[in-house]
Amino acid sequence: MPTHDGQVAVYTGSFDPITLGHLDVIERASHIFNHIVVGVGINPDMHPLFDQKERVALVAAAVAHLNIVTVRGFQGWSVP
């Protein structure tokens with residue numbers, strides 16, 4: 001599969017908690033893009049199991065083996 005040089009993939013969600021499906025998407029994207037930003041958001045309509053700081057830490061631990069992935073918390077909409 002070709003890489004998209006210089007392009008960054010952004011994957012947002014609540015990740016409460018991160019699942020094997022989420023990890024599969026991130027791993028597959030890591031073979032295509034040079035950098036991936038995982039945005040851990042806050043959904044005001046949900047009652048999360050983990051707070052945002054905990055979810056960011058859980059996602060970061062789960063993708064630690066992928067050096068091209070950055071995990072960040074964010075608030076608001078994730079629209080391009």
Side-chain angles (χ1 to χ4, degrees):
M1 207 173 271
T3 55
H4 298 276
D5 292 334
Q7 291 188 357
V8 176
V10 178
Y11 182 30
T12 62
S14 59
F15 303 102
D16 187 41
I18 189 163
T19 67
L20 293 176
H22 295 132
L23 291 173
D24 184 54
V25 170
I26 295 166
E27 296 240 359
R28 289 173 186 254
S30 75
H31 297 289
I32 300 170
F33 296 95
N34 290 335
H35 190 79
I36 302 164
V37 177
V38 178
V40 180
I42 297 173
N43 183 341
D45 296 329
M46 290 179 58
H47 302 287
L49 182 61
F50 300 102
D51 67 31
Q52 185 183 38
K53 186 175 179 180
E54 291 170 315
R55 290 181 281 133
V56 168
L58 289 168
V59 174
V63 299
H65 65 288
L66 299 170
N67 62 354
I68 66 163
V69 179
T70 303
V71 183
R72 298 281 186 256
F74 76 97
Q75 289 185 271
W77 293 96
S78 60
V79 263

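- Between D51 and R55, no side-chain nitrogen of the basic residue sits less than 4.0 Å from a carboxylate oxygen of the acidic one, so the salt-bridge criterion is not met.
- A distance of 12.5 Å separates CG in N43 from CZ in F15, rounded to the nearest 0.5 Å.
- Without hydrogens or angle criteria, H35 side chain to V8 main chain gives no donor-acceptor distance under 3.5 Å.
- Across all their heavy atoms, I36 and S30 have their closest contact at CD1-N, 3.4 Å.
- Through chains of ILVMFWY side-chain contacts below 4.5 Å, L49 is grouped with F50, L58.
- In the hydrophobic clustering of ILVMFWY residues, with side-chain heavy atoms under 4.5 Å counting as a link, V10 and I42 come out apart.
- The structure places CG of D16 at 9.5 Å from CD of E54, a figure rounded to the nearest 0.5 Å.
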Inset, instruction - Let me see the working for I26 and V38 under side-chain contact (heavy atoms from CB on, under 4.5 Å), right down to the final yes or no. - result: CA-CA 8 Å; I26 295 166; V38 178; 3.9 Å; yes

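- In this structure a side-chain-to-backbone donor-acceptor pair under 3.5 Å is present from Q52 to V40.
- Through side-chain heavy atoms spaced under 4.5 Å, either directly or across other Ile, Leu, Val, Met, Phe, Trp or Tyr residues, M46 is tied to no other residue.
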Inset, instruction - List the steps, then state whether side-chain hydrogen bond (donor to acceptor under 3.5 Å, both in side chains) holds for E27 with H22. - result: CA-CA 9 Å; E27 296 240 359; H22 295 132; over 6 Å; no

Inset, instruction - I would like to know whether L23 and I18 meet side-chain contact (heavy atoms from CB on, under 4.5 Å); could you show each step before the answer? - result: CA-CA 7 Å; L23 291 173; I18 189 163; 3.6 Å; yes

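- When all heavy atoms of V63 and V69 are compared, the closest pair comes out as CG2-CG1, 3.7 Å.
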